[in-house]
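For reference, the structure is listed below as structure tokens.
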Amino acid sequence: MDTTLKLWAVIVIVGTLNYLSRLSFIALFADRHVPALLGRAFRYVPAAMLTALVVPMVVALPLGPIGPSAPKIAAALVAGVVAFVSHSQLKTLGSGMVTLWALEALAQRFG
Amino acid sequence: MRRFASDRDFRAGFVAMLPACIGIAPFGLVCGVGAAAAGASALGALGLSAIVFSGAAQILAVQLLAAGSPLAVIVLTCFVAGLRFLIYSAAMAPYLRPLPARWQNGLAFLLTDQAFAASVRRFDAGGDPRGGGLFFFGGGFALWTSWQVTNVVGYFLGNLIPAGWSLDFAVPLCFIALVAPHFRSYPTITAALVAAFAVIAFAGLPMKLNLIVAGVIGIAAGTLADFARERWIPR
């Protein structure tokens, strides 16, 4: 399948699935009772899924020497603390980027 | 549109979303760059950002497309990453219930991590449901529009951004901003830690399947920790 066709298939299918997920409890199952186990499992979807997305963007996988990833790991931890305390997206973004730039500059200078 | 532009609640929602629009701008640029790198046409890139309207799904889709993954794997990965919309949908449902079906169907399309976070605060503050709906619409409209602009700019001008800026790193930072504030209960922390270990442990799986596996294991771990807390820790 060529890339253009595949991309449009992704747009239509993922677009539809995403929209149905967004619409789910607002309209589709508005009157249904959510089973207790499912409701409980749902609570942990963002924490598990977003963390699974973040880790490979911070740590180079498959796991090798940690050195090259160290500035990103440190910057992600700083950003995590800032996000936890401030709840601010801009402060999280700013602190993480500045930490990364500073550590990469230091690594270039002394590394 | 003009009818809304003069509405007080719509404008308040629009303005309240502007910091988030700035915050996700680098993410939008990275998505545009990724679409260009995957060989998408300009129209395809715009279709992806306009219709899918989810940074996580878009970035996964273009990376998997560029790697030549089968359609089924791309769809499954994006769907699992988008499962969190179910939670947002369930949480928003009580607030949107008083609104007409036409409004519910429209606002559901604009449901994102950021719109959810901003609007739940506004709905919780009280006021009439219609005002809350218009506030949500204003914020969602601001976010959708700025997302299209940054995606298109990234697609066409992304190659002008110096690699030394490490703009890619803005993507995990956006997710960290969303997830870290929730690390206030043991089950949530368990879900995140287990998912983190699992995504590393299963890094050998092809086509980024470690993301889905780690997500599912993390959700299971969080749920088990939740049951354990209830059973052993008296309230």
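Quick note on labels: first sequence line is chain A, next is B, and so on, each numbered from 1. Computed from heavy atoms alone, side chains included, the values below leave out hydrogens, waters and symmetry copies.
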Under 4.5 Å heavy-atom distance to chain A, tell me which part of [X] shows up: side chain, backbone, both or neither.
{"X": "B:F227", "result": "both"}
{"X": "B:I176", "result": "both"}
{"X": "B:P26", "result": "side chain"}
{"X": "B:A38", "result": "backbone"}
{"X": "B:L65", "result": "side chain"}
{"X": "B:N105", "result": "both"}
{"X": "B:F116", "result": "neither"}
{"X": "B:Q114", "result": "side chain"}

So how far is it from [X] [atom1] to [Y] [atom2], rounded to the nearest 0.5 Å?
{"X": "B:L173", "Y": "A:L90", "atom1": "CG", "atom2": "CG", "answer": "12.0 Å"}
{"X": "B:L110", "Y": "A:R22", "atom1": "CG", "atom2": "CZ", "answer": "8.0 Å"}
{"X": "A:Y44", "Y": "B:T223", "atom1": "OH", "atom2": "OG1", "answer": "7.0 Å"}
{"X": "B:D113", "Y": "A:L50", "atom1": "CG", "atom2": "CG", "answer": "6.5 Å"}
{"X": "A:L23", "Y": "B:M92", "atom1": "CG", "atom2": "CE", "answer": "12.5 Å"}
{"X": "A:F25", "Y": "B:L96", "atom1": "CZ", "atom2": "CG", "answer": "14.0 Å"}

Are [X] and [Y] side-chain neighbours, meaning at least one heavy-atom pair lies under 4.5 Å?
{"X": "B:F85", "Y": "A:N18", "answer": "yes"}
{"X": "A:M49", "Y": "B:L83", "answer": "no"}
{"X": "A:V45", "Y": "B:L86", "answer": "no"}

(message) Using side chain to side chain contact (heavy atoms under 4.5 Å, CB included), reason through A:S21 and B:Y88 one step at a time and then give a plain yes or no.
(response) CA-CA 9 Å; A:S21 298; B:Y88 302 155; over 6 Å; no
(message) Please identify, among B:A35, B:A170, B:A61, the residue contributing the most non-hydrogen atom pairs under 4.5 Å to chain A.
(response) B:A170
(request) Mind ranking B:S41, B:A220, B:S69 by heavy-atom pairs under 4.5 Å with chain A and telling me who comes out on top? (result) B:S69
(request) Name the member of A:T16, A:V82, A:V14 that forms the most heavy-atom pairs with chain B at distances under 4.5 Å. (result) A:V14
(request) May I ask you to list the residues in residues 66-75 of chain A that approach chain B closer than 4.5 angstrom, counting heavy atoms only, ordered by number? (result) A:K72, A:A75
(message) Strictly less than 4.5 Å between heavy atoms, which residues of residues 181-196 of chain B line up against chain A? Please order them by number.
(response) B:P181, B:F183, B:R184, B:P187, B:T188, B:A191, B:A192, B:A195, B:A196
(request) Tell me, for A:I13 versus chain B, whether the close heavy atoms (under 4.5 Å) come from the side chain, the backbone, both or neither. (result) side chain
